[in-house]
Amino acid sequence: MDDVTDAPKASKSARAAEPPKSAKSEHGQPALSGGPEPEPLRFFGTTWLDHSGGYGPRRAGVAVGSLAAAFVGCLALRFAYQGLQIAKVGSFVDVLVVAVFGVCSALAFRRAWDAYSSRPDPRTHQALRSTMAIGFIGVLLAYFLRSLTEAPGEKLRRAEYETAREQYERRASRRAGNPAHRGKKRA
């Protein structure tokens with residue numbers, strides 16, 4: 001089993017206290033201990049950072065899985081629509097159901113697509129959870145399309161991680177070591 005996805009999630013304070021996993025940073029420079037840790041992505045863990053640990057096959061699997069799930073979801077909606085036709089509820093309800101699922105899927109696609117490039121507002125995201133659930137096909141299609149180019153959310157997490165790493169390196173480089181030794185000058 002791959003320990004990247006099966007490992008229990010540690011708290012942020014525990015992850016910050018862990019030593020770095022490699023002795024080199026992504027640019028080949030010595031890694032600074034105690035620096036920020038990359039945030040794991042669903043299905044990818046932290047393999048998105050250096051594209052290791054089966055990153056390519058995982059991306060392919062996620063793309064195929066999300067497309068297959070969207071297809072199965074469309075079949076389920078088709079069966080539900082056929083049930084409405086059998087029940088003879090009327091054309092108004094038929095049109096209303098199709099419009100609701102179409103609009104919710106479009107909104108869910110757009111929200112999911114935007115969430116891969118910027119953090120969504122938590123209150124707005126909470127308010128639109130039901131719309132995202134109804135429009136699950138839009139979410140799955142957004143996930144599929146994004147996984148063709150990157151792990152969904154990788155670009156956002158990479159930018160956040162690099163910013164945090166640069167800030168940490170700037171703070172660490174300003175430290176001169178033990179302050180007690182600063183005042184002593186050798187002649």
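Note that the coordinates shown come from a computational prediction; the quantities given were computed from them, not determined experimentally. Reckoned from all heavy atoms, side chains included, excluding hydrogens, waters and symmetry mates.
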Over 60° means perpendicular and under 30° means parallel, so tell me whether Tyr55 and Phe44 are parallel, tilted or perpendicular. tilted
Rounded to the nearest 0.5 angstrom, the CZ-CD1 distance for Phe71 and Ile137 is 11.0 Å
d(Leu148 CG, Arg59 CZ) to nearest 0.5 Å is 7.5 Å
Consider only side-chain heavy atoms of I, L, V, M, F, W and Y, link residues closer than 4.5 Å, and tell whether Phe136 and Phe144 are in one cluster. yes
Starting at CD of Glu154, measure out to OG of Ser147 and round the result to the nearest 0.5 Å. 11.5 Å
Same hydrophobic cluster for Val62 and Leu67, using side-chain heavy-atom links shorter than 4.5 Å among ILVMFWY? no
Decide whether Val72 and Leu77 are clustered together by the hydrophobic rule: side chain heavy atoms of Ile, Leu, Val, Met, Phe, Trp, Tyr closer than 4.5 Å, transitively. no
Considering non-hydrogen atoms only, spot the tightest contact between Ala63 and Ser66 and give its length. O-OG, 3.1 Å
May I have the list of side-chain donor-acceptor pairs in residues 87-116 shorter than 3.5 Å, sequence neighbours left out?
| unit_1 | atom_1 | unit_2 | atom_2 | d |
| --- | --- | --- | --- | --- |
| Ser105 | OG | Phe101 | O | 2.8 |
| Arg110 | NE | Asp114 | OD2 | 3.4 |

Set of residues satisfying side chain to side chain donor-acceptor pair (under 3.5 Å) with respect to Ser52, sequence neighbours excluded: Asp50
Got a second to check how far Arg158's CZ is from Arg165's CZ, nearest 0.5 Å? 13.5 Å
Not counting sequence neighbours, list each pair that qualifies as a side chain to side chain donor-acceptor pair (under 3.5 Å) and has a residue in residues 122-141. Asp121-Thr124
Identify whether Leu156 and Tyr161 are in the same connected component of the hydrophobic contact network (ILVMFWY, side-chain heavy atoms under 4.5 Å). no
Please enumerate all residues that pass side chain to side chain donor-acceptor pair (under 3.5 Å) together with Arg42, with sequence neighbours excluded. none
Side-chain heavy-atom pair Pro152, Phe43 within 4.5 angstrom cut-off: no
Sequence neighbours excluded, which residues qualify as salt bridge (Lys or Arg N to Asp or Glu O under 4.0 Å) partners of Arg146? Glu150
In terms of hydrophobic clusters joined by side-chain contacts under 4.5 Å, are Leu140 and Leu145 together? yes
Under the rule for side chain to side chain contact (heavy atoms under 4.5 Å, CB included), what residues qualify as partners of Glu166, not counting sequence neighbours? none
